[in-house]
Amino acid sequence: MTQSALSFPIIRTAGLDGMLVTFADALSEPSNRATLAFSEAVKACAWPGVQEVSTSLASVFLRFDSAALCHAALKDLLLALLETQDWQQAALPPGRRLWRVPTVFGTELAPQLAEAADAAGMSEAQAVESLGSARVRVLTIGFAPGQPYLGPLGAEWNLPRQTELTPQVPTGALVLAVSQFVLFATTAPTGWRHVGQTGFRGFQLGAEDPIALRPGDEMIFTPVSRSDYDRFCLEDSHFGGASREEIPA
């Protein structure tokens, strides 16, 4: 059977102590919604033997003690929970926050805005308006501690990754590809286009809560001038002037 012919959701074993529940073979808003809602439901069940529950863009991973809970028994529990509702229509989990993050788009701080705008068929000003007004969801945390994948952006931003790596982008870099942002939590090479720069630190070793964001949080990257950006970073070395508020359930 080909992947496209598979019927979702799919439950798969992942090694001796893992189980994976997949809601789609590609990212979409409904598949990510299902992933976040189902993950929270699994956690709320608190099944004995389940030791970890985490998410990717469209899947939920469970790590469990196979001596306390066998694969077949866990699969039965998951199937029963899946049948309780249409998870792609489920409410998102409570406790989510909306972050507004001051962001410099373009300039020498984020030198690939013009390239991305041209690829999307826009002027730089139009690109800043589009990207700076987008309200995106933390789809998952990955690649590095505290580093979010954010989206989905509109189809006009479904740009391929670069064919060559940018040797390094700084912490707080906002990069773009395949209708998503990634907000870099550390310096690293990337094949994504560097379109914005923030003072946001998504991972702070030693902090009481070292990972700032949660899957399901939402973010708006508010365009600011270079002088305002510098001031925000000076006044707030952790989040570069970002604010947050609870999203009503």
Side-chain angles (χ1 to χ4, degrees), residues 3 24-28 31-32 35 54-59 61 99 101-128 130-132 134 136-205 210-213 215 217 219-224 226 229-230 233 237-240 242:
Q3 181 73 7
D25 58 2
L27 169 66
S28 66
S31 65
N32 185 253
T35 296
S54 59
T55 63
S56 64
L57 295 174
S59 297
F61 173 75
W99 297 78
V101 184
T103 305
V104 173
F105 286 94
T107 77
E108 73 280 5
L109 292 181
Q112 293 175 295
L113 174 68
E115 178 185 338
D118 184 66
M122 299 183 187
S123 67
E124 288 188 52
Q126 289 171 326
V128 172
S130 174
L131 297 174
V136 290
R137 181 189 301 162
V138 177
L139 302 167
T140 192
I141 304 287
F143 182 76
Q147 185 156 300
Y149 288 76
L150 300 141
L153 295 166
E156 67 274 17
W157 295 112
N158 189 19
L159 307 180
R161 294 176 178 86
Q162 302 174 117
T163 56
E164 297 183 3
L165 288 177
T166 299
Q168 183 170 283
V169 294
T171 303
L174 186 67
V175 301
L176 168 70
V178 291
S179 295
Q180 296 173 60
F181 285 134
V182 175
L183 180 58
F184 269 63
T186 186
T187 57
T190 183
W192 296 42
R193 290 173 178 83
H194 187 185
V195 297
Q197 184 61 43
T198 78
F200 195 91
R201 303 294 181 261
F203 177 70
Q204 298 173 39
L205 186 64
I211 294 178
L213 299 169
D217 281 355
M219 305 188 84
I220 299 173
F221 294 94
T222 306
V224 297
R226 174 63 187 272
Y229 164 82
D230 289 339
C233 290
S237 61
H238 288 170
F239 299 124

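Computation of the quantities below employed the complete heavy-atom set of this structure, encompassing side-chain atoms and omitting hydrogens, waters and symmetry-equivalent molecules.
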Start with the C-alpha gap between T198 and F221, add the side-chain angles, then the distance that decides, and say whether side chain to side chain contact (heavy atoms under 4.5 Å, CB included) holds.
CA-CA 8 Å; T198 78; F221 294 94; 4.1 Å; yes
Worked verdict on V138 versus W99 for side chain to side chain contact (heavy atoms under 4.5 Å, CB included):
CA-CA 10 Å; V138 177; W99 297 78; over 6 Å; no
Side chains of Y149 and F143 in contact at under 4.5 Å (non-hydrogen atoms):
yes
Distance in Å, T166 OG1 paired with E164 CD, rounded so as to fall on 0.5 Å steps:
9.5 Å
Would you indicate whether E108, at its atom CD, is surrounded by more than 12 heavy atoms from other residues, nucleotides or ligands within a distance under 6.0 Å?
yes
Can you name the closest pair of heavy atoms from A144 and T186 and give their distance?
CB-CG2, 4.2 Å
Heavy-atom side-chain proximity of S56 to T35 below 4.5 angstrom
no
Would you check if F105 and L174 make a side-chain contact, meaning some heavy-atom pair closer than 4.5 Å?
yes
What heavy-atom pair brings A212 and D217 nearest, and what distance separates the two atoms?
O-OD2, 4.4 Å
Point-to-point distance, once rounded to the nearest 0.5 Å, from CG of L113 to CG of L176
9.5 Å
OG1 of T140 to CG of L27, rounded to nearest 0.5 Å, is 10.0 Å
Side chain proximity check, T190 to V182, heavy atoms < 4.5 angstrom:
no
How close do Q197 and G172 get, counting heavy atoms only, and between which atoms?
NE2-C, 3.3 Å
Audit row: F200, M219, side chain to side chain contact (heavy atoms under 4.5 Å, CB included) steps and yes/no:
CA-CA 12 Å; F200 195 91; M219 305 188 84; 4.2 Å; yes
Is any side-chain heavy atom of F184 less than 4.5 Å from a side-chain heavy atom of Q168?
no
Would a 4.5 Å heavy-atom cut-off, applied to side chains only, mark Q180 and L139 as touching?
yes
Min side-chain heavy-atom separation V101-L183 under 4.5 Å
no
Validation row: P102, T222 side chains within 4.5 angstrom (heavy atoms):
no
Backbone N or O of G240 within a donor-acceptor pair of the H238 side chain at under 3.5 Å?
no
Decide yes or no on side chain to side chain contact (heavy atoms under 4.5 Å, CB included) for V178 and L159, but give the supporting numbers first.
CA-CA 5 Å; V178 291; L159 307 180; over 6 Å; no
Within the distance-only criterion (no hydrogens, no angle test), does the side chain of Q126 pair as donor or acceptor with the backbone N or O of S123 below 3.5 angstrom?
yes
For a quick test of reading the model, state the closest non-hydrogen atom pair linking A185 to Q147 and the distance between them.
N-OE1, 2.9 Å
What distance separates S31 OG from L57 CG, expressed to the nearest 0.5 Å?
8.0 Å
Is it the case that the side chain of S179 and the backbone of G154 share a donor-acceptor pair, with hydrogens and angles ignored and the cut-off at 3.5 Å?
yes
Look at the side chain of R193 and the backbone N and O of P160, then say whether any donor-acceptor pair between them is shorter than 3.5 Å.
yes
Over all atoms of both residues, closest heavy-atom pair of A127 and W157:
CB-CH2, 3.7 Å
Nearest heavy-atom approach of A177 to W192 is N-CE3, 3.4 Å
